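Notes follow once the structure below has been shown.
These numbers come from a predicted model, not from an experiment.
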Amino acid sequence: MIPGLDGLRAVAFLVLFGLHVDYLQFGWMGVQLFFVLSGYLITGILLRMKGALSAKEYFLKFYGRRFLRIFPLYYFYLLVMLALTTWLVSVRYKPNVMQVFVKQAWYAVLYLYDFFSASEGFSPSRFLDHLWSLSVEEQFYIFWPLLIFLVPERSLKKLFLAGILAGPVFRMTLFFIHQSGFIASLRDPAALAIYPLPFSHVDAFAFGAYITRFSIPNARKQFLYIGIALPLIGLATQYAAIGTMGPISALGYPVTLPNGYQFIWAYTLLNYWFAVLIYCVVHEKMFVRFLDWPPLQYLGKISYGLYVYHFPIIWFAGRIRDFGVREEVVAPLVAILSFIGTVAIASASYFAIEKPFLGLKDKYFPVELRERG
């Protein structure tokens, strides 16, 4: 593994966890960092496989390895939650909450939860809501390997730049479609419908893909200057749009970016900054000493499980309210309990489920590849 990238995964999860325990309103950006990082890692793998394997081996081994990496934990989680929610419905424990999962789980089973999340029929579920991003990633894995295989090396830059441009173009098009009422089933307001759709995040994956082959000039300076400018732009936009800067912990970018048409342009700005960050870590070795700190490396290694399990664990930890715990201590207590519980369950899951299946990748789909960077 490239030094620092496991640590980046951990950081992405930690800020997202901070959002879900109501401390960091900018924490949703952790998902964007995951998307850009996926674009970087998957594109690098695909390009190396393309250069080393036949067409049949390229597709068979990529999808075989992805299957063993993604599906076992994902479907284990859905199966356990289906059994748990069905039982809790039978004992009448918060049946309305549990029935939402039972009714909506099939969207997640088919990796269509992102499309469902954008529809007016969507009902929030603390057991499913976070799975929209995994649907987006899985859909990326379907079409991106074919594009990488078909596009010649000399045209890769055009492909990646087209993907970067396509992101805001898609989001603007979706906004006009939403406003026109042409697709009546989309959620209101437009920002809620645009956020979970896979087309809205093409530029995130494309930015990650771009830095696998092409350099970013003055990357350190760009990282610093854009990092300073981002919250200033965000807070100014909020003030201009709604007359207030909003929660400071959102840094001017509340989740779904509902104000000042941020849902069209701000994703691209944030995605670019994350691409610069990844480039600096990989090529400039920036923050590597911190990111390779063993606890962060470990959290990065189990980050898939952390992401899948954390949302329902936070909800169950929040049930301490049912025991009369004072509200002022609920938030910190939920954060502590759910973090410990998430790490414990994700660790057990990693060693009992993920690791055994990961061991099968090289047995059934062996690939001799060297990491770039």
Indicate, with yes or no, if L270 and V169 share a hydrophobic cluster defined by side-chain heavy-atom contacts under 4.5 Å among Ile, Leu, Val, Met, Phe, Trp and Tyr. no

Looking at the rings of Y58 and F149, which for Trp means the six-membered one, are their centres under 6.0 Å apart? yes

Which heavy atom of A352 sits nearest a heavy atom of P356, and at what distance? O-CG, 3.5 Å

Check this for me: does any side-chain nitrogen of one of R187 and E120 sit under 4.0 Å from a carboxylate oxygen of the other? no

Taking all atoms of both residues into account, what is the closest heavy-atom pair of V102 and T85, and its distance? CG2-OG1, 3.6 Å

Would you confirm whether R48, through its side chain, and G44, through its main-chain N or O, come within 3.5 Å as a donor-acceptor pair? yes

Report the C-alpha separation of L291 and D6 in whole Å, then their side-chain angles, then the decisive distance to 0.1 Å, and conclude whether the side-chain contact (heavy atoms from CB on, under 4.5 Å) test is met. CA-CA 7 Å; L291 294 171; D6 270 341; over 6 Å; no

Tell me, do H20 and L16 make a side-chain contact under 4.5 Å, heavy atoms counted? yes

State, yes or no, whether a side-chain contact exists between L174 and S200 at a heavy-atom distance under 4.5 Å. yes

Is there a donor-acceptor contact under 3.5 Å from the side chain of K285 to the main chain of V282? yes

Evaluate the criterion ring pair (Phe, Tyr, Trp, His ring centres under 6.0 Å) for residue pair W144 and F205; output intermediate values, then yes/no. CA-CA 9 Å; W144 195 244; F205 295 107; 8.1 Å; no

So, for F127 and F316, is the gap between ring centers shorter than 6.0 Å? yes

Grab the two heavy atoms, one from F223 and one from M286, that are nearest each other, plus how far apart they are. CD2-CE, 3.3 Å

So, for P217 and Q222, which heavy atoms are closest and what is the spacing to 0.1 Å? O-NE2, 2.7 Å

Report, as yes or no, whether the 6.0 Å neighbourhood of atom OH on Y364 holds more than 12 heavy atoms from other residues, nucleotides or ligands. no

Does NZ or CZ of R319 come closer than 6.0 Å to the centre of the six-membered ring of W315, within 45° of the ring's axis? yes

Are Y74 and F71 an aromatic pair, judged by ring center distance below 6.0 Å? no

For L269 and I233: C-alpha separation, side-chain torsions, deciding distance, then whether side-chain contact (heavy atoms from CB on, under 4.5 Å) applies. CA-CA 10 Å; L269 185 59; I233 294 170; 4.3 Å; yes

Pairwise distance OG(S125) to NZ(K103) - rounded to 0.5 angstrom: 12.0 Å

List the residues meeting side-chain contact (heavy atoms from CB on, under 4.5 Å) with W87, not counting sequence neighbours, and say none if there are none. L84, S90, V91

Donor-acceptor pair, R65 side chain versus F365 backbone, under 3.5 Å? yes

Are V36 and Y210 packed together at the side-chain level, in the sense that at least one heavy-atom pair is separated by less than 4.5 angstrom? no

Within 6.0 Å of CZ in F59, more than 12 heavy atoms from elsewhere: yes

Could you tell me whether the side chain of S133 reaches within less than 4.5 Å of the side chain of F34, counting heavy atoms only? no

With sequence neighbours left out, write down each residue that passes side-chain contact (heavy atoms from CB on, under 4.5 Å) with I228, or none if nothing qualifies. L224, L232

Measuring from K157:NZ to L159:CG, what's the distance to the nearest 0.5 Å? 13.0 Å

Between CG on residue D114 and CD on residue Q139, distance to nearest 0.5 Å: 4.0 Å

Test item: I70 and L134 side chains (from C-beta on) under 4.5 Å apart, heavy atoms: no

Side chains of S215 and H283, heavy atoms from C-beta outward: is any pair under 4.5 Å? no

Is any side-chain heavy atom of P254 less than 4.5 Å from a side-chain heavy atom of F26? no

Checking the side chain of Y253 only, and the main-chain atoms of G234 only, is there a donor and an acceptor separated by less than 3.5 Å? yes

Quick check: does any side chain N or O of E137 sit under 3.5 Å from a backbone N or O of S38, one acting as donor and the other as acceptor? no

For V330 and E327, run side-chain contact (heavy atoms from CB on, under 4.5 Å): C-alpha distance rounded to whole Å, both residues' side-chain angles, the deciding distance at 0.1 Å, then the answer. CA-CA 5 Å; V330 165; E327 193 60 33; 4.1 Å; yes

What orientation do F143 and F140 show, parallel under 30°, tilted 30 to 60°, or perpendicular over 60°? perpendicular

Check for a donor-acceptor pair, side chain of S155 on one end and backbone N or O of V151 on the other, with a separation under 3.5 Å. no

Could you walk me through whether Y350 and L73 pass side-chain contact (heavy atoms from CB on, under 4.5 Å), step by step? CA-CA 8 Å; Y350 177 79; L73 184 149; over 6 Å; no

Between F17 and F339, does the ring centroid distance fall short of 6.0 Å? yes

Between H201 and N271, does a side-chain hydrogen bond (donor to acceptor under 3.5 Å, both in side chains) hold up when you go through it step by step? CA-CA 9 Å; H201 302 285; N271 292 334; 5.6 Å; no

In Å, rounded to the nearest 0.5 Å, how long is the span from OH of Y279 to CD1 of I211? 9.0 Å

Passing option when W132 is tested against Y113, F122, Y195, F116 for ring pair (Phe, Tyr, Trp, His ring centres under 6.0 Å): Y195

Tell me if a side-chain donor or acceptor on R9 pairs with a main-chain N or O of G300 at a distance below 3.5 Å. no

Between the main-chain N or O of E284 and the side-chain N or O of R220, is there a donor-acceptor pair closer than 3.5 Å? yes

Report the C-alpha separation of F263 and F175 in whole Å, then their side-chain angles, then the decisive distance to 0.1 Å, and conclude whether the ring pair (Phe, Tyr, Trp, His ring centres under 6.0 Å) test is met. CA-CA 9 Å; F263 54 82; F175 172 65; 5.4 Å; yes

From L197 atom CG to I194 atom CD1, the distance as rounded to the nearest 0.5 Å: 8.0 Å

Can you see which heavy atom on Q32 is nearest to which on A204, and at what distance? NE2-CB, 4.3 Å

So, does S349 use its side chain to make a donor-acceptor pair with the main chain of I345 at under 3.5 Å? no

Pairing of E153 and K50 as salt bridge, 4.0 angstrom limit: no

Using a distance-only test with no angle check, is there a side-chain donor-acceptor pair under 3.5 angstrom linking N259 and Q238? yes

Under the rule for side chain to side chain donor-acceptor pair (under 3.5 Å), what residues qualify as partners of H130, not counting sequence neighbours? none

Please evaluate residues F207 and F274 with respect to the criterion ring pair (Phe, Tyr, Trp, His ring centres under 6.0 Å), reporting the C-alpha separation (whole Å), side-chain torsions for both, the decisive distance (0.1 Å), and the verdict. CA-CA 9 Å; F207 272 125; F274 288 135; over 10 Å; no

Heavy-atom distance under 4.5 Å between the side chains of L277 and F287, does that happen here? yes

Minimal non-hydrogen separation, P198 against F115, with atom names: CG-CZ, 3.6 Å

Quick one: does W265's side chain have a donor or acceptor within less than 3.5 Å of a partner on Y261's backbone? yes

Look at the aromatic rings of Y111 and Y75 and report parallel, tilted or perpendicular, splitting at 30° and 60°. perpendicular

Is the number of heavy atoms from other residues, nucleotides or ligands under 6.0 Å of Y141 OH greater than 12? yes

Measuring from D292:CG to Q297:CD, what's the distance to the nearest 0.5 Å? 4.5 Å

